[in-house]
Amino acid sequence: MRRRISFVLIGLLSAAAYAAGCGGSGTTTTTESGLGDATNITGTVYAPSGLTGVAGASVYVPGGVTSNVTASKAVTDPADDGTTCDDPPETACASTCTQANGTFALDVSACADSATSIKFAKGSFTKTTTLDCGTDTTCTLVATDTTFAATVVSMAVVSGAYDNMEDVLAKLGFGTLDATGHLTIGTEQFAIYRGGGSIDSQLTDTDRYKASTTLFSDIDELKKYSIIFINCGADESLVTTDENALPSFNFKSHQKTAHVHKSLPAAVVSNLQTYVQDGGRLYVTDLAYDFIEQSFPAVMDFEGDGTDASTAENYGEAQLGTSGIVSDATVNDATMQSWLSSQTSNTIASTGAPSSSECTTTENGSTTALNANNTIRIGDFLSGWAVMNSVHNGQDTKIWLTGPVSFSGGSGDRPLTITKTVGSGKVLYSSYHTAHSCPTTGAWPQERVLQYLVFDVAD
């Protein structure tokens, strides 16, 4: 048992104070500060909503070691389910990883009485909580002690005609949802740039909601953000010049009206390359794939004529996907699969796109985002979605989901969600987008995947 630190409490503690637990969120019925008599600390690390657990977060008590224990900067106690995480950025007397559902149990028996805080980290997301464990040997932290703040990471979203990543973020607690499950404009804890999306009509404060040209044309503007999300249907023509004119695009039919061998402007490509190489995270969905292919051709071989990892294919060439299909995709990552098994989901029918009449929480034999056979159902593919082919020359692009699809000229299992480290940064691409037609605050299975990857991209 640790050396006791005695205090005198005057008066009676309220029931509310007692219920606050032993963490840093409120007054407790303890006669010791810091670790006190605790030999274990338990809890769940949450996204800013306080509802969604974060897998693979580092949990550690910095410094404060006993005389016969050496502090370490390595995780010494990985999660029981095999989930891994980054080593602590500083020396620690105890450390572990959160399990797939965000829970953790940390053995702090080697830590000295002087240890007074516990820290949580998942990439750019960090939190420090002051400990007040008292006489309990197991100190159980409450959600307010372990929830990442919505403002801790600087993020930006470029609006688009067919995706709503701003809603995915709001469901994670980075904004407030309205009655239909969409972001309430003005509550977001991230920047929004006008990219031609349906929400642009609500972005009337042009000083706050700038055009996407402001973002892509200025490397200093890009570097304000740790993560940049580009929605499917972001209008690439907004960032082009006459000499880089892109094929005309009919947003109603989701199809190009002409095929022209053009590209994004060299200055935009250069800015995106510098942004990612220097540590930025770029998160792109569906039709916005040319922001990836034109800037980082080595990330993935998209469907089309080109197979050279060093040369971008023709603009828009991979936009061949068949509309209305549903794909039961294989989840290729064990931790993501385990996380999805703990997340509730709305139903997607076996055919067609998700509709507002399918807003129950039973998903194909399961109450979670996983099907009964441990696949995940991806829907809402629109005409002309961008089709990936395979990894270039076996390079280290991570394929998260692979699923059966059909497209103009072929069919078969194809990558549906990928990430790749580029320099000090990372890029993510998904061939599908959010299925935002359900007027509830719930999430479709594919939205759960994209939520999970928000924290992976930040890592």
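As a basis for the values below, the full set of heavy atoms in this structure was taken, side chains included, without hydrogen atoms, waters or symmetry mates.
Between F302 and Y429, the two ring planes are perpendicular [angle over 60°; tilted spans 30° to 60°]. Below 30°, between 30° and 60°, or above 60°: for Y432 and F381 the angle between ring planes is above 60°, a perpendicular geometry.
Taking the six-membered ring for Trp, F216 and F291 have ring centres closer than 6.0 Å. Aromatic rings of F125 and F455 (six-membered ring for Trp) have centroids within the 6.0 Å cut-off, being under it.
The pair K426-D456 meets the salt-bridge criterion, with a side-chain N (NZ, NE, NH1 or NH2) lying under 4.0 Å from an Asp/Glu carboxylate O.
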Would you please test K119 and T126 for side-chain contact (heavy atoms from CB on, under 4.5 Å) and show each step? CA-CA 7 Å; K119 295 188 177 183; T126 60; over 6 Å; no

Carefully, step by step, assess L272 and Q294 under the rule side-chain contact (heavy atoms from CB on, under 4.5 Å). CA-CA 10 Å; L272 289 173; Q294 300 296 319; over 6 Å; no

Under the side-chain contact (heavy atoms from CB on, under 4.5 Å) rule, what do W339 and T83 come out as? Steps first, then yes or no, please. CA-CA 10 Å; W339 184 85; T83 303; over 6 Å; no

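Distance CE/M336 to OG/S341: 12.5 Å, rounded to 0.5 Å. The structure places OG1 of T402 at 8.5 Å from CE of M388, a figure rounded to the nearest 0.5 Å. The distance from the CD1 atom of I376 to the CG atom of L340 is 4.5 Å, given to the nearest 0.5 Å. Residue N314 holds its CG atom at 9.5 Å from CG of D290, rounded to the nearest 0.5 Å. Atom OH in Y60 sits 4.0 Å away from atom CD in E90 (nearest 0.5 Å).
Here the closest heavy-atom approach between residue V158 and residue S212 is recorded as CG1-CB, 4.0 Å. Between D167 and L177, the closest heavy-atom pair is O-CD2, 4.3 Å. Minimum heavy-atom separation, G197 to S159: N-OG, 3.3 Å.
One N or O on the side chain of T96 and one on the backbone of D77 form a donor-acceptor pair closer than 3.5 Å. Judged by distance alone, with hydrogens and angles left aside, the side-chain atoms of N164 form no donor-acceptor pair with the main-chain N or O of E166 at under 3.5 Å.
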Counting only pairs under 3.5 Å, give me each side-chain donor-acceptor contact of residues 41-49, with atom names and distances, residues two or more places apart or in other chains.
| unit_1 | atom_1 | unit_2 | atom_2 | d |
| --- | --- | --- | --- | --- |
| T42 | OG1 | T140 | OG1 | 3.2 |
| S49 | OG | L51 | N | 3.2 |

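The shortest distance between side-chain heavy atoms of F190 and L169 falls below 4.5 Å.
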